[in-house]
Amino acid sequence: MKTEDTAAATPIRVRIAPSPTGDPHVGTAYIGLINFLYARQRGGKFVLRIEDTDRARFVATSEQMIFDALHWLGLTWDEGPDVGGPYGPYRQSERTEIYREHVEILLSNGTAYRSFETAEELEALRQRQIASKLPPRYDGAHRDLTQAQIDAYLSEGRPYVVRMKVPAGSTTFRDELRGDITFEHSNVDDQVLMKSDGFPTYHLANVVDDHLMRITDVIRAEEWISSTPKHVLLYQAFGWQFPRFWHMPLLRNLDKSKISKRKNPVSLVYYRQAGFLPEAVINFLGLMGGGMPSPTPVEVVNGAKETEIFSLDEMIQRFEVPNIRLGGPVFDLTKLRWLNSEYLRALTPDAFFTALRDTILSDQYLREVSTLIQTRIETLGQFGDLTAFLFQDNVLPPPEVWVPKKRTPEETLLFAADQLALLETTKWTTQCIDAALRQLSMSIEEAFIASIQNESTQKSYRSAIQFFIQNVMEIHGSNLSINDEHIKQMQTALRNWGHSESTVASYSSAIEGLRKYKAEKPSWSIKENFMLLRAILSGSTMSPPLLESMVVFGKARTLDRLRRFLETQKKLATGKR
RNA sequence: GGCGUUAUGGUGUAACUGGUUAACACGUCGCCCUCUCAAGGCGAAGAGUCCGGGUUCGAGCCCCGGUAACGCUACCA
């Protein structure tokens with residue numbers, strides 16, 4: 001069911017609320033575009049709010065990058081942290097007092113309660129529920145604590161979170177694009193509203209801010225549908241009127257999963273650096289999920305392309321809500337490239353030259369590249385020979401370049417995938433990349449221990465491995481591969497030392513784990529590590545300094561090159577079979 | 001597993017709201033143009049609309065039942 005609002009008495013106010021947790025995301029631009037179009041078309045306001053309540057994932061440089069990326073695309077907001085506005089502050093970290101007050105309201109009217117469990121206790125609960133095939137959910141243990149108990153915990157100084165008290169019953173809300181959606185409350189968790197660090201969770205901050213900022217239409221991604229009842233319940237708990245909800249379909253990878261950096265360049269920084277024009281990117285995003293008018297016969301006669309190529313202004317004029325399609329559109333780079341080529345060709349020669357000079361051949365980039373090779377150049381004419389890979393979109397080294405001696409292509413690719421995963425989370429400076437790569441090359445035992453998530457397991461594994469090395473490896477010499485015999489020897493040794501059977505069992509499983517890990521992840525020296533990366537990045541075993549090159553080339557493009565390398569090799573491998 | 005959403009060629013969209021042979025664009029392939037490669041021009045293959053029922057003279061559009069994919073299931077957003 002598609003509905004138009006009838007009484008447009010109050011002016012439209014919409015918002016996007018990105019989290020500064022890394023590079024600006026295409027999904028943010030996509031949802032931003034839809035909000036922007038809707039607001040502009042109806043003379044409403046478009047608000048930018050920064051949702052920085054997650055201090056664990058916070059990235060300091062991220063906020064500015066989000067501003068830059070959205071500006072680059074031509075999306076402008078009427079209110080936001082940088083431009084201000086009547087309903088600020090627009091940064092959630094600056095609104096903690098507001099949330100605290102609102103939590104008090106909920107606490108005193110009985111729609112929320114304090115919960116004193118530790119994260120570990122909750123994790124244990126979850127594990128138990130999963131083990132017994134129950135849906136993992138908070139069991140409500142502290143839902144009805146007596147005032148005396150609460151006071152006791154409080155005076156102990158026990159940290160607590162505030163959870164919402166979901167009543168019995170069900171909630172139905174209207175999604176403007178799909179119609180009514182109903183959720184039974186038995187499927188709605190007592191969501192944490194305020195974390196023990198005093199910061200609100202998304203759910204609370206979102207509802208409070210949307211209300212205080214007079215948001216009339218919440219246009220966001222489909223992934224939020226399941227938490228919308230929580231939001232509706234919150235509006236009710238406060239006694240507020242709630243906004244209209246619109247849930248846009250999620251952008252997808254080629255395999256239809258939610259778009260992700262493992263399978264697609266997802267950072268707007270990448271598109272900028274790789275030389276996509278903002279007009280093309282925003283046009284392409286506008287094509288995703290419909291919203292644009294269907295081609296009329298006249299337009300088809302005049303050339304069908306005209307029906308797919310839109311400027312931002314044209315999109316504002318022609319965007320139509322009923323044209324929105326609900327199936328998750330695949331973000332198809334191939335078509336984006338074609339669109340971009342159309343825009344590029346349409347440029348005047350002068351504008352084209354300027355575009356080149358401003359991006360791929362900017363003075364700043366040339367300067368950075370030139371510092372990389374000054375000491376290893378004989379004539380200026382060699383510049384291109386030394387730096388070509390920093391100007392190419394595609395570099396595909398042959399196997400003799402990227403497969404190290406004494407390694408198989410398979411294990412090399414496995415390791416390269418590890419490198420990619422690691423670099424994705426690494427801060428992009430030479431020091432940080434260096435440290436990360438060295439971490440990857442540390443001893444196999446340490447790497448194994450580091451791969452264990454649980455801290456106490458980590459501890460017990462560490463002592464198990466220590467024991468094993470001292471009591472079994474000493475007997476057999478250092479570089480042994482673990483076999484059943486070794487494990488038996490260790491068990492005997494443990495029993496001789498009078499250790500309990502449970503220790504024996506846990507040590508054994510630790511060593512089993514190590515053995516498996518060793519088989520899966522042969523250790524790579526730092527030298528091999530660097531060389532592999534060099535080969536993939538530059539297409540050659542000779543290049544300017546690796547780390548500096550990576551920094552100059554940029555995180556987004558470097559990761560994309562790695563990703564494309566892995567993808568291509570995968571395709572080649574399956575093609576051969 | 002539970003809950004929710006979605007479903008038209010490989011991909012993005014269209015089909016006057018039930019009406020001939022399911023359209024356009026990207027991609028793929030072929031031909032023309034051309035010193036090459038693009039661009040451009042011409043053409044081709046590729047879906048019978050997730051499946052099964054039903055309503056109807058008539059269903060991609062309506063109804064019922066399945067299936068699959070995706071999302072959520074955190075002191076992340």
Side-chain angles (χ1 to χ4, degrees), chain A residues 2 17-22 25 27-28 51-58 92 115 117-123 126 129-130 132-138 159-163 170 175 177-179 181-189 191-206 220-230 247 249-250 252-259 284-297 299-301 303-309 322-339 341-342 344-345:
Chain A
K2 290 166 183 177
S19 280
T21 52
H25 198 276
T28 304
E51 305 226 330
D52 53 354
T53 56
D54 183 355
R55 80 270 106 101
R57 292 201 303 158
F58 178 76
Q92 291 186 330
S115 163
E117 289 93 346
T118 64
E120 288 72 32
E121 285 167 347
L122 291 173
E123 180 56 27
R126 250 167 58 86
Q129 288 169 328
I130 291 170
S132 44
K133 304 223 163 151
L134 289 165
R137 191 154 31 230
Y138 179 62
Y160 63 88
V161 301
V162 177
R163 288 178 181 275
S170 68
D175 179 297
L177 300 172
R178 299 155 223 263
I181 300 176
T182 300
F183 283 84
E184 296 296 326
H185 290 180
S186 54
N187 295 314
V188 181
D189 209 353
Q191 183 64 48
V192 171
L193 299 176
M194 180 156 291
K195 301 178 252 184
S196 53
D197 65 1
F199 277 85
T201 58
Y202 169 84
H203 307 281
L204 202 233
N206 175 263
R220 63 196 349 172
E222 193 182 8
E223 54 188 332
W224 294 106
I225 290 178
S226 344
S227 33
T228 305
K230 292 172 189 169
H247 291 99
L250 250 21
R252 307 296 182 93
N253 298 314
L254 228 33
D255 63 5
K256 296 277 188 185
S257 55
K258 167 167 138 181
I259 195 166
F284 181 63
L285 254 14
L287 254 23
M288 303 274 91
M292 288 302 126
S294 32
T296 65
E299 285 167 327
V300 173
V301 170
K305 277 176 195 164
E306 290 178 18
T307 67
E308 291 204 301
I309 297 188
N323 285 337
I324 292 174
R325 286 195 74 267
L326 266 13
V330 170
F331 191 89
D332 183 6
L333 259 316
T334 311
K335 184 140 182 180
L336 173 56
R337 287 210 182 86
W338 166 77
L339 244 187
S341 76
E342 288 288 320
L344 248 17
R345 267 195 294 278

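Residue numbers start from 1 in every chain, and the chains themselves are labelled A, B, ... in the order their sequence lines are given, proteins ahead of strands. Please read all numbers here as calculations on a predicted model, not as lab measurements.
Judged as a ring pair (Phe, Tyr, Trp, His ring centres under 6.0 Å), and not counting sequence neighbours, the contacts of A:Y202 are A:W224, A:H231. Scanning for salt bridge (Lys or Arg N to Asp or Glu O under 4.0 Å) contacts around A:E51 gives A:R49, with sequence neighbours left out. A:K335 is linked by a salt bridge (Lys or Arg N to Asp or Glu O under 4.0 Å) to A:E308, counting only residues two or more places apart in sequence or in another chain. Not counting sequence neighbours, the partners of A:V161 by the side-chain contact (heavy atoms from CB on, under 4.5 Å) test are A:S115, A:R163, A:V192, A:S196.
The nearest whole Å value for the distance from the CZ atom in A:F284 to the C1' atom in B:A25 is 12 Å. Computed from coordinates, the A:L339 CG to B:A39 P distance equals 14 Å when rounded to whole Å. Whole-Å rounding puts the A:N253 CG to B:U11 C1' distance at 13 Å. B:G27 atom P lies 15 Å from atom CG of A:L254, rounded to whole Å. Atoms CG (A:L326) and C1' (B:C70) sit 13 Å apart, rounded to a whole Å. In this structure, A:D332 atom CG and B:C26 atom P are separated by 12 Å, rounded to whole Å. The separation between A:D255 atom CG and B:G10 atom P is 16 Å, rounded to whole Å. As a whole-Å value, the separation of A:N187 CG from B:U5 C1' is 15 Å.
For the C1' atoms, the distance from B:U20 to B:G27 is 30 Å, rounded to whole Å. B:G4 and B:C64 are spaced 16 Å apart, taking the P atom of each and rounding to whole Å. Nucleotides B:U34 and B:A38 are separated by 11 Å at their C1' atoms, to the nearest Å. Separating the P atom of B:C50 from that of B:G12 is a span of 14 Å, rounded to the nearest Å. Atom C1' of B:C70 sits at a distance of 42 Å from the matching atom of B:C31, rounded to the whole Å. For the C1' atom pair drawn from B:U28 and B:G10, the interatomic distance equals 9 Å after rounding to whole Å. Nucleotides B:A7 and B:G60 place their C1' atoms 11 Å apart, quoted to the nearest Å. Rounded to whole Å, the P atom of B:C26 lies 15 Å from the corresponding atom of B:A44.
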side-chain hydrogen bond (donor to acceptor under 3.5 Å, both in side chains) assessment of A:H247 paired with A:R220:
CA-CA 5 Å; A:H247 291 99; A:R220 63 196 349 172; 3.3 Å; yes
Is there a side-chain contact (heavy atoms from CB on, under 4.5 Å) between A:N253 and A:F331? Walk through the geometry before answering.
CA-CA 6 Å; A:N253 298 314; A:F331 191 89; over 6 Å; no
Let me see the working for A:D52 and A:D54 under side-chain contact (heavy atoms from CB on, under 4.5 Å), right down to the final yes or no.
CA-CA 6 Å; A:D52 53 354; A:D54 183 355; over 6 Å; no
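The listed nucleotides are B:C26, B:U5, B:G40; the one nearest the side chain of A:E342 is B:G40.
Within the structure, a side-chain polar atom (N or O) of A:R325 is placed less than 4.0 Å from OP1 or OP2 of B:U13.
Applying the 90° cutoff around 0 to the glycosidic angle, B:G48 is assigned syn. A glycosidic torsion no more than 90° from 0 defines the syn conformation; B:U28 lies beyond that range and is anti.
Among the heavy atoms of the strands, none lies under 4.0 Å from A:R337.
No salt bridge links A:R337 with A:E342; every basic N to acidic carboxylate O contact stays at or beyond 4.0 Å.
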I'd like to compare against my own output: the B/S/- annotation of nucleotides 71-77 of chain B with a strict under-4.0 Å heavy-atom distance to protein.
BSSSBBB
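With a 3.5 Å limit on both pairing distances and Watson-Crick or G-U wobble geometry required, the stems of 3 or more pairs in RNA chain B span B:1-7 with B:67-73, B:10-13 with B:23-26, B:28-32 with B:40-44, B:50-54 with B:62-66.
The shortest side-chain heavy-atom distance between A:F183 and A:I225 falls under the 4.5 Å cut-off. Side-chain atoms of A:R126 and A:E121, non-hydrogen and from C-beta on, never get closer than 4.5 Å to each other.
A donor atom on one side chain and an acceptor atom on the other are found under 3.5 Å apart for A:Y138 and A:E117.
In this structure, A:L287 and A:T182 both approach RNA chain B, and ranking their closest nucleotides by distance from the 5' end singles out A:T182.
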